Asker: 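Below are the structure tokens for one structure; questions will follow.
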Amino acid sequence: MKKYFLATLLLTCATSVSQGQDVDIEFGLDNLAAPTTVVVVSGLSNSDGTQILDGAFSGLSFDPLLPPDLSADNPGFITPASEGLLVNSGDEVFVRFLNAGTESTNSVGGGFVSFFDPNNAAAGVQAFGNITVSNSSGGSLSLNGASLSGDAAISLGLGADGITGVSTPPPSAGEPPEILGVGEIHTHLTFDLQDEATTPAGVIGLFGQFEVDLAATGLDGVADVTSSPFFLLLNANLDDTTFRTQGFQAFGVTAVPEPTTAVLLTTVGAACAIRRRRRP
């Protein structure tokens with residue numbers, strides 16, 4: 001019976017993910033009337049207190065002689081009104097990418113794109129990799145190791161007015177738009193890994209922060225409120241165990257449990273509890 005329960009639980013969670021549901025980063029202003037910071041929900045931090053968020057690249061190649069086209073559009077970004085996290089209607093939210101080689105407080109990370117190869121662990125985390133980040137409005141930027149092209153910030157959109165009901169990203173064909181309440185945001189960025197043929201399996205870390213340009217002070221493209229910096233770790237073709245042990249440890253996470261059966265049950269339970277929403 002226990003084995004059947006575990007198998008059923010694993011299948012349920014695997015089905016949930018495979019059916020194209022969102023895994024979202026939850027964030028919002030600490031106080032709508034007089035905000036001082038952007039709160040980010042994360043259950044994991046590294047040794048200097050930097051929050052760790054994660055996702056994974058996926059992709060297919062129809063030519064067996066060519067590498068897969070790797071991209072990631074999860075995790076998404078959401079202000080969960082049910083948990084008291086929102087922005088104000090009309091506030092514009094950005095994600096700004098930082099140079100981890102100069103901005104990270106414990107020197108973890110190599111640059112705008114930080115890379116760790118478990119097969120070359122002695123090299124540590126280095127500035128390596130080429131990623132294009134784009135949003136649903138056509139904005140994009142390019143991060144390349146220790147450099148970037150254009151602005152380092154990309155818009156997640158405006159806090160909803162509760163009236164227009166236009167979803168971000170656009171709804172799937174034949175489905176109605178998602179109705180967002182006042183101050184809600186639900187969107188995705190696409191992280192497109194370039195040079196897949198020359199990028200070994202590993203962990204790509206992006207060091208960033210949320211920024212909010214408050215409508216109340218006039219939208220001028222300048223951040224009025226920010227979050228603390230976080231690492232977004234993206235799995236590029238590693239098995240999940242290696243990603244969550246060696247990969248996390250390389251970015252300063254000191255307490256990573258071994259994948260025992262007990263931990264597996266805990267992880268599966270947590271995975272089922274994470275906010276997953278069917279894409280609009």
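Everything numeric here is computed off the predicted structure, so don't read it as measured data. For reference, positions follow the sequence shown, starting with 1.
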Asker: With ILVMFWY side chains joined below 4.5 Å, transitively, what does L85's cluster contain besides itself?
Answerer: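 When side chains under 4.5 Å apart are linked, the cluster holding L85 also contains V39, V41.
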Asker: Answer whether the closest heavy-atom distance between the side chains of D54 and P75 falls below 4.5 Å.
Answerer: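 Answer no - side chains too far apart.
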Asker: Please check: side-chain N/O of D24 versus main-chain N/O of E26, any donor-acceptor pairing under 3.5 Å?
Answerer: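 Such a contact is absent between D24 side chain and E26 backbone.
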Asker: Tell me every residue that passes side-chain hydrogen bond (donor to acceptor under 3.5 Å, both in side chains) with T242, counting only those two or more places apart in sequence or in another chain.
Answerer: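 In terms of side-chain hydrogen bond (donor to acceptor under 3.5 Å, both in side chains), with neighbours along the sequence ignored, T242 is linked to D239.
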Asker: Evaluate the side-chain proximity of L143 to N130: yes if any heavy-atom separation is below 4.5 Å, no if none is.
Answerer: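 No, their side chains stay 4.5 Å or more apart.
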Asker: Is the closest side-chain heavy-atom distance between I25 and I78 below 4.5 Å?
Answerer: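 Result no, sub-4.5 Å side-chain heavy-atom pair not found.
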Asker: List for me each residue that meets ring-ring contact (aromatic ring centres under 6.0 Å, His included) alongside F94, sequence neighbours excluded, and say none if there are none.
Answerer: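 Applying ring-ring contact (aromatic ring centres under 6.0 Å, His included) to F94 gives none.
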Asker: I need the full list of salt bridge (Lys or Arg N to Asp or Glu O under 4.0 Å) pairs touching residues 134-156, with sequence neighbours left out, sorted by first then second residue.
Answerer: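 Passing the test, one end in residues 134-156: R96-D151.
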Asker: If you compare all heavy atoms of L98 against all heavy atoms of E103, which two are closest, and at what distance to 0.1 Å?
Answerer: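 For L98 versus E103, the nearest heavy atoms are CB-CG, 4.0 Å.
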Asker: Given D30 and T36, is the side chain to side chain donor-acceptor pair (under 3.5 Å) satisfied, shown in steps?
Answerer: CA-CA 7 Å; D30 63 334; T36 61; 2.5 Å; yes
Asker: What heavy-atom pair brings L233 and G205 nearest, and what distance separates the two atoms?
Answerer: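 Shortest heavy-atom separation between L233 and G205 comes out as CD2-CA, 3.8 Å.
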Asker: Apart from L219 itself, what residues make up its hydrophobic cluster, given side-chain heavy atom links below 4.5 Å?
Answerer: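 L158, all in the cluster of L219.
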Asker: Let me check something: do V182 and L214 share a hydrophobic cluster, defined by ILVMFWY side-chain heavy atoms less than 4.5 Å apart, either directly or through other members?
Answerer: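 The answer is no; the residues belong to distinct hydrophobic clusters.
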Asker: Which pair of non-hydrogen atoms, one from G109 and one from A100, has the smallest distance, and what is that distance?
Answerer: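 Reported closest heavy-atom pair: CA-CB, 3.9 Å.
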Asker: Any side-chain heavy atom of L156 within less than 4.5 Å of one from L189?
Answerer: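 Side-chain contact under 4.5 Å: yes.
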Asker: Is there a side-chain contact between V253 and I52 in this structure, where contact means two heavy atoms from C-beta onward sitting under 4.5 Å apart?
Answerer: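 The answer is yes, as the side chains (C-beta and beyond) meet within the 4.5 Å cut-off.
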Asker: State whether the side chain of Q126 and the backbone N or O of F115 hold a donor-acceptor pair below 3.5 Å, judged by distance alone.
Answerer: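 Not confirmed, Q126 side chain does not pair with F115 backbone.
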Asker: Please check if the distance between the ring centroids of F207 and F112 is under 6.0 Å.
Answerer: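 No - the distance between ring centres of F207 and F112 does not fall below the 6.0 Å cut-off.
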Asker: Of all residues at least two apart in sequence or in a different chain, which pass the side-chain contact (heavy atoms from CB on, under 4.5 Å) check with N235?
Answerer: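 Checked N235 against side-chain contact (heavy atoms from CB on, under 4.5 Å); matches are A56, L238, F243.
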Asker: Just by modelled atom types, is the D117 backbone N or O under 3.5 Å from a matching donor or acceptor in the N120 side chain?
Answerer: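 A pair under 3.5 Å: no.
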Asker: Parallel, tilted or perpendicular: which describes the rings of F251 and F231, with under 30° parallel and over 60° perpendicular?
Answerer: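 Answer is perpendicular, since the angle exceeds 60°.
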